[in-house]
> 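What follows is a structure written as structure tokens; I'll ask about it next.
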Amino acid sequence: MAGTGSLRNRNFGSPVLKQRSTTTHGTQTPDSSPVDTMPAQLLPHLSNGAPALHRKYSSPMMPPFMVSAPGKVIVYGEHAVVHGKAAIAAAISLRSYLLVSFLSKSHHTITLRFPDIQLEHTWNIDDLPWNVFSQPGKKKYYYDLVTSLDPDLMDAIQPHINSVSPKLPEAIRKIHQNSAACFLYLFLSLASRKTAPCVYTLRSTIPIGAGLGSSASIAVCLSAALLLQIRALSGPHQDQPPQECELQIERINRWAFVGEMCIHGNPSGVDNTVSSGGKAVLFQRTDYNKPPRVLPLRNFPELPLLLVNTRQSRSTAIEVAKVATLRNDHAVLTEKILDSIGMVTESAHKLLTSPDFDPTSHDSLKHLGELVTINHGLLVALGVSHPKLERIRELIDYTGIGWTKLTGAGGGGCAITILKPQPTITHHHTNGNGNGNGNGHHHHHDTSSDESDASSDIDCSASIISTGTKLKHKILDTLEVKLEQEGFEKFETTLAGDGVGVLWPAVLHNGNEEEGGEEIDQEKFLRAEGTEGIERLVGVESVRRKKVVREVREGWKFWRPWEGAFA
């Protein structure tokens with residue numbers, strides 16, 4: 001089964017998984033779930049097997065909570081990975097956000113709201129096919145390894161999927177019904193007839209259909225939220241041992257993979273693995289009859305990343321077929337190119353896993369950046385670039401601010417740029433007129449490439465994008481105008497950051513020093529406009545304007561096995 005290797009080969013706490021899977025569903029409730037901070041009388045519907053406590057009608061409803069999961073980019077190795085070579089994929093800070101709001105028991109409904117794709121649908125909890133999902137041999141527990149969809153269970157939910165957006169055009173209806181299938185299959189597998197009525201409101205800052213793992217991010221959010229509701233997760237909390245972190249991530253990842261199967265049928269497992277665990281993974285499938293190899297790269301440096309969407313639609317199948325045709329017509333040459341792409345990934349992996357690897361070293365960043373440039377050139381040779389991708393690369397290369405390549409299938413989609421470190425000296429590169437704000441900014445090329453290449457002691461996290469210098473504004477602001485004028489969409493994001501996160505309860509400090517923070521409710525969440533609005537309201541990262549430093553906002557918590565593993 002495709003994708004099972006992403007679950008079997010990650011080496012994430014496997015001894016713990018084997019040990020715990022022998023216990024019963026009811027006795028596996030961890031002690032430190034965020035739900036456990038709620039008063040006991042609020043929890044009868046969450047026990048899922050333990051004796052229910054009597055609910056007091058005067059009790060308030062549980063407060064809303066939120067989960068978030070990142071998108072992903074392929075950093076090295078696309079297309080060669082189809083032909084047995086390794087690839088490296090990493091998380092990006094563009095994310096999906098899922099708000100879970102509780103209703104009074106009188107509702108007996110669950111609602112899925114996904115306003116970004118104009119989806120809203122409500123199901124009556126009592127009408128759902130619980131009996132089919134709870135039959136002996138069909139019932140799955142949260143610690144089970146599910147590697148395929150049960151056709152009987154899919155048949156059972158089909159009428160409830162068909163009722164979603166039946167009158168909309170086929171293309172939109174398919175997206176809506178795939179989302180509904182993912183949600184219902186996970187809900188019926190993990191929840192119970194006694195689960196509290198809820199509204200699941202989903203917003204995303206990840207462009208859909210751009211090869212950035214938006215569907216996997218959504219599947220991870222749904223998986224994490226439902227596992228939290230049945231108290232099947234512990235943490236995340238400070239000082240949580242790495243092995244326990246890995247167990248929680250793996251539990252989320254397993255069910256997110258099930259959600260991805262509902263959407264894609266035969267997913268690789270890479271997207272949900274990156275979205276669950278964050279950072280980066282090495283992925284390789286040498287035999288399609290066997291599981292792939294998926295290795296977490298926990299020490300991939302967290303880097304500022306420029307992501308540019310061409311807004312050019314593309315078909316992965318068409319781009320993959322192009323390479324297959326080229327390989328058939330020019331076998332030796334094409335094989336050499338694919339081998340070279342494989343060597344790019346191997347070179348990056350060798351650096352990242354070497355004992356003396358220093359993620360803050362400029363030399364390390366330069367090595368990774370040059371591999372990005374080489375990888376792009378090889379993909380161009382395979383014929384999978386696009387004039388719009390080349391135009392983006394041209395505009396960015398002209399500024400000299402970083403190393404750029406297409407990411408994913410190509411033929412459109414997105415380009416990524418790893419930024420060069422912030423140069424220390426810029427004054428001698430102004431032009432003769434002393435004009436630092438003109439449209440012509442090619443004089444910065446020497447500043448941001450040659451100068452930074454000579455500065456081996458610069459912390460690579462202090463790049464142009466993360467510092468509020470005049471140089472940043474001269475280059476990036478001018479670049480942004482040009483990109484927008486030509487119809488491109490630019491995102492300033494972060495590479496290889498956190499995976500799935502939890503905000504329990506949904507209360508945030510919004511960077512304006514507001515006392516006590518701001519509670520996030522459905523209306524505020526729905527009113528947030530676009531990527532900027534969503535990130536301003538609930539975003540994982542805050543930007544401290546005085547220093548222009550990105551940091552995790554107070555309230556969000558993440559499982560971070562690398563913090564203990566690499567101490």
> Atom CZ of Arg251 and atom CD of Gln248: how far apart are they, to the nearest 0.5 Å?
5.5 Å

> Please check: side-chain N/O of Ser163 versus main-chain N/O of His160, any donor-acceptor pairing under 3.5 Å?
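Confirmed, Ser163 side chain pairs with His160 backbone.
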
> Just checking, any donor-acceptor pair under 3.5 angstrom between side chains of Thr122 and Thr109?
no

> Tell me the closest heavy-atom pair linking Asn299 and Pro359, and the distance in Å.
O-CB, 4.4 Å

> Taking side-chain contact (heavy atoms from CB on, under 4.5 Å) as the test, write out the residues that go with Cys414, two or more places apart.
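Result, side-chain contact (heavy atoms from CB on, under 4.5 Å) vs Cys414: Ala210, Leu212, Leu307, Asn309, Thr407.
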
> Go through the structure and list residues passing ring-ring contact (aromatic ring centres under 6.0 Å, His included) with Phe114, not counting sequence neighbours.
none

> I need the minimum non-hydrogen distance between Trp562 and Gly497, along with the two atoms involved.
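Looks like CH2-O, 4.4 Å.
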
> Who are the ring-ring contact (aromatic ring centres under 6.0 Å, His included) partners of Phe183, not counting sequence neighbours?
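Expected list: Trp123, Phe187, Tyr200.
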
> Supply the atom-to-atom distance Ser217 OG to Glu260 CD, rounded to the nearest 0.5 angstrom.
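It comes to 9.5 Å.
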
> Does the Ser179 side chain pair with the main chain of Ile175, one donor and one acceptor, at a distance under 3.5 Å?
yes

> Please test Asp498 against Val552 for side chain to side chain contact (heavy atoms under 4.5 Å, CB included), starting from the C-alpha separation and ending with a verdict.
CA-CA 10 Å; Asp498 283 308; Val552 173; 4.0 Å; yes

> Just by distance, do the side chain of Trp255 and the backbone of Leu227 share a donor-acceptor pair under 3.5 Å?
no

> Could you tell me which non-hydrogen atom of Val500 sits nearest to which non-hydrogen atom of Ala224, and how far apart they are?
CG2-CB, 3.9 Å

> Where do Val270 and Phe283 come nearest, in terms of heavy atoms and distance?
CG2-CD1, 2.9 Å

> Considering only residues two or more places apart or on different chains, which pairs with a residue in residues 200-217 satisfy salt bridge (charged side-chain N to carboxylate O under 4.0 Å, His left out)?
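Qualifying pairs: Asp116-Arg203.
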
> Check the side chains of Thr111 and His121 for a donor-acceptor pair under 3.5 angstrom, ignoring hydrogens and angles.
no

> Evaluate the side-chain proximity of Pro236 to Phe558: yes if any heavy-atom separation is below 4.5 Å, no if none is.
no

> Phe491 and Thr205: which non-hydrogen atoms are nearest, and at how many Å?
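Closest pair (atom of Phe491, atom of Thr205, distance): CE2-O, 4.3 Å.
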
> Atom CG of Asp126 and atom CG of Asn124: how far apart are they, to the nearest 0.5 Å?
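Rounded to the nearest 0.5 Å, the CG-CG separation comes out at 5.0 Å.
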
> Quick one: do the Ser104 and His107 side chains pair a donor with an acceptor below 3.5 Å?
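Distance-only check passes for Ser104 and His107.
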
> Taking atom types as modelled, is there a side-chain donor on Asn162 or Gln158 under 3.5 Å from an acceptor on the other?
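There is such a pair (donor and acceptor under 3.5 Å, judged by atom type) between the side chains of Asn162 and Gln158.
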
> Heavy atoms only: give me the nearest Val220-Asn272 pair and the separation to one decimal.
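Nearest pair, atom of Val220 first, then Asn272: CG2-O, 3.9 Å.
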
> With a 4.5 Å limit on heavy-atom distance, are the side chains of Thr316 and Glu319 in contact?
no

> Does any part of the side chain of His176, heavy atoms only, come nearer than 4.5 Å to the side chain of Leu168, both counted from C-beta?
yes

> Got Pro561 and Ile249 here, is their nearest side-chain heavy-atom distance under 4.5 Å?
yes

> For Tyr141, is the NZ or CZ atom of Lys139 found under 6.0 angstrom from the centre of its six-membered ring and inside 45 degrees of the ring axis?
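Here Lys139 passes the 6.0 Å and 45° test against Tyr141.
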
> Using the salt bridge (charged side-chain N to carboxylate O under 4.0 Å, His left out) criterion, which residues pair with Asp150? Sequence neighbours excluded.
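With sequence neighbours excluded, Asp150 shows a salt bridge (charged side-chain N to carboxylate O under 4.0 Å, His left out) to Lys138, given in chain and number order.
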
> Could you give the distance from CD1 (Ile520) to CG (Leu99), rounded to the nearest 0.5 Å?
8.0 Å

> Side chain to side chain donor-acceptor pair (under 3.5 Å) for Glu244 and Ser234? Distances and angles first, verdict last.
CA-CA 8 Å; Glu244 189 176 302; Ser234 62; 3.1 Å; yes

> Side-chain donor-acceptor pairs under 3.5 Å in residues 63-73, sequence neighbours left out?
residue	atom	partner	partner atom	Å
Ser68	OG	Arg95	NE	2.7
Ser68	OG	Ser96	O	2.9
Lys72	NZ	Gly211	O	3.1
Lys72	NZ	Asp271	OD1	3.3

> May I have the step-by-step check of side chain to side chain contact (heavy atoms under 4.5 Å, CB included) for Ile88 and Leu297, ending in yes or no?
CA-CA 9 Å; Ile88 291 174; Leu297 300 173; 4.0 Å; yes

> So, does Thr195 use its side chain to make a donor-acceptor pair with the main chain of Ala191 at under 3.5 Å?
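Not confirmed, Thr195 side chain does not pair with Ala191 backbone.
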
> Could you check if a side-chain atom of Cys245 sits within less than 4.5 angstrom of a side-chain atom of Arg560, using non-hydrogen atoms only?
no

> Could you check whether any side-chain heavy atom of Leu228 comes within less than 4.5 Å of a side-chain heavy atom of Val100, counting everything from C-beta outward?
no

> Nearest 0.5 Å, please: how far is NZ in Lys85 from CZ in Arg285?
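Going from CZ on Arg285 over to NZ on Lys85, the span is 16.0 Å.
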
> Got Val294 and Leu282 here, is their nearest side-chain heavy-atom distance under 4.5 Å?
no

> Please step through side chain to side chain contact (heavy atoms under 4.5 Å, CB included) for the pair Tyr97 and Leu202, ending with a clear verdict.
CA-CA 6 Å; Tyr97 295 88; Leu202 190 63; over 6 Å; no

> Check the pair Phe133 / Ile157 against side chain to side chain contact (heavy atoms under 4.5 Å, CB included), numbers first and verdict last.
CA-CA 10 Å; Phe133 272 76; Ile157 64 173; 3.6 Å; yes

> Do other residues, nucleotides or ligands put more than 12 heavy atoms under 6.0 Å from the CG atom of Leu526?
yes

> Does the Gln177 side chain pair with the main chain of Val164, one donor and one acceptor, at a distance under 3.5 Å?
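Checked: pair present.
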
> Between Arg193 and Asn131, is any side-chain donor less than 3.5 angstrom from a side-chain acceptor?
yes

> Do side-chain atoms of Glu120 reach the backbone of Pro115 as a donor and acceptor pair under 3.5 angstrom?
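Not a single qualifying donor-acceptor pair exists.
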
> Is a side-chain donor or acceptor of His79 paired with a backbone partner of Leu338 at a separation under 3.5 angstrom?
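Such a contact is absent between His79 side chain and Leu338 backbone.
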
> Taking atom types as modelled, is there a side-chain donor on Arg113 or Gln522 under 3.5 Å from an acceptor on the other?
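The criterion, which ignores hydrogens and geometry beyond distance, is satisfied for Gln522 and Arg113.
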
> Is a side-chain N or O of Thr493 found less than 3.5 angstrom from the main chain of Ser93, in a donor-acceptor match?
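Looks like yes, one N/O pair under 3.5 Å.
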
> At what distance, to the nearest 0.5 angstrom, does CG of Leu149 lie from CG of Leu153?
9.0 Å

> Could you tell me whether a side-chain N or O of Ser276 sits under 3.5 Å from a main-chain N or O of Ile252, the two making a donor and an acceptor?
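Not at all, since once roles are kept as given, no pair shorter than 3.5 Å links the two residues.
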
> State, with a plain yes or no, whether a side-chain heavy atom of Tyr142 is found less than 4.5 Å away from one of Leu190.
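Yes. Closest side-chain heavy atoms under 4.5 Å.
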
